[in-house]
Amino acid sequence: MIDQLYRKAVLTVAGQKSIENVVRACGWGVAQRFVAGESIQTALGAVKELQKDGILANLDLLGEFIDSPEKCTAFADNVLDLMDAAHAQGITPYVSVKLSSVGQGKTVDGEDLGLTNARRIVGRAKQYGGFVCLDMEDHPRVDQTLAQLRILIAAFGREHVGSVLQSYLYRSDADRAALDDLHPNLRIVKGAYLEPESVAMPVKADVDASYRRLVYAHMKAGNYVNVATHDESIIRDVQQFVTANGISKDAFEFQMLYGIRRDLQKQLAAEGYRVRAYIPYGRDWYAYFSRRIAERPANVMFVLRGMLKG
Ligand code: FDA
């Protein structure tokens, strides 16, 4: 409950334009702990650094809730450029995309623009043998995102596109079961948005229990699972679960965010687990950065200290 109140307070304050202006002006130095620069080249540099420790990458061009259709399509073009640049440097592109950034909810030429642009992005990923994960955003987008996942898997195959379920949503067990016929590659997360109690569990212990349930159910159904968390007790339990159930290390991977628990990322990779870091980059870092601060009280002090240092 305290976690929820803390998250709500931070995300509410962060949503105020005056606070955003101050943080945007003074906070880039601090944001760099969580964001791998503003350009494709800095992002690919981060990928190569992680490769030295045997850690895979998931690239995320930052940007969400983009308003005009033209900007959405330009954003999708930038994701294509990212994949082209990665491929040209010998990196198989694995990217995450927020459908709100490429036009979800805007109809153009009779189709949802988010889906049209996602087709272009997943098509390019397939051409390079890569993968696209449709990030999950706030709860009003879940139905459409899962419906679009279904269409994209039918068109390009589950080897090239997957999505995310958030354990804080009451609906996620049912959503997972309803997707079983597709055997989709799913990332399981706890959930990072400010959601009402009518749709999301307010108590952390319930969110954690739901998290384990989703991971175990998706693994037991024979699907590839991205265990995306920094929660060591969950990670330990998943390790025990896979051992007890004879699930191979090729059937799942651990995922963590760039700049968070790098020690644990390296340790798991050294133990032979597949580990992938989610690497955000780009100029539009504010919303992503706010959610990382909202996840952990210690991060507020980290930000304030960093901003005071100038
Ligand atoms: P929890 O919040 O319980 O934290 C466990 C421990 O991890 C903490 O005690 C702390 O040590 C460490 N930790 C967690 N967050 C930290 C932070 N910000 N700074 C420093 N330490 C931190 N969400 C979403 O809604 N849609 C999505 O598509 C995604 N995608 C996604 C991809 C990947 C690869 C990850 C790892 C996470 C996401 N998320 C997400 C975010 C997710 O929903 C969640 O908010 C964060 O992962 C934090 O929750 P944990 O599972 O780490 O547990």
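Each ligand, and each atom within it, is numbered from 1 in the order the structure gives. Quick caveat: nothing in here was measured; it's all calculated off a predicted structure.
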Interatomic distance, OG1@Thr229 vs CD1@Ile234, rounded to 0.5 Å, equals 5.0 Å

* Asked: Going through the checks in order, is the ring-ring contact (aromatic ring centres under 6.0 Å, His included) test met by Tyr128 and His87?
  -> CA-CA 7 Å; Tyr128 294 144; His87 177 71; 3.9 Å; yes

How would you list, by chain and number, the residues with a heavy atom under 4.0 angstrom from ligand 1?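 The 4.0 Å shell around ligand 1 contains Arg33, Asp135, Met136, Val164, Gln166, Arg187, Val189, Lys190, Gly191, Ala192, Tyr193, Lys204, Ala228, Thr229, His230, Asp231, Gln255, Met256, Leu257, Ile260, Tyr278, Arg292, Glu295, Arg296, Asn299.
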
* Salt-bridge criterion met for Lys106 and Asp112 (N-O under 4.0 Å) ->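 The answer is no: the pair does not qualify as a salt bridge.
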
Q: Let me see the working for Glu159 and Lys126 under salt bridge (Lys or Arg N to Asp or Glu O under 4.0 Å), right down to the final yes or no.
A: CA-CA 8 Å; Glu159 304 78 18; Lys126 182 170 182 169; over 6 Å; no

Between Tyr288 and Arg291, is there a cation-pi geometry (under 6.0 Å to ring centre, at most 45° from the normal)?
no

How about NZ on Lys220, more than 12 heavy atoms from neighbouring residues, nucleotides or ligands closer than 6.0 Å, or not?
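No.
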
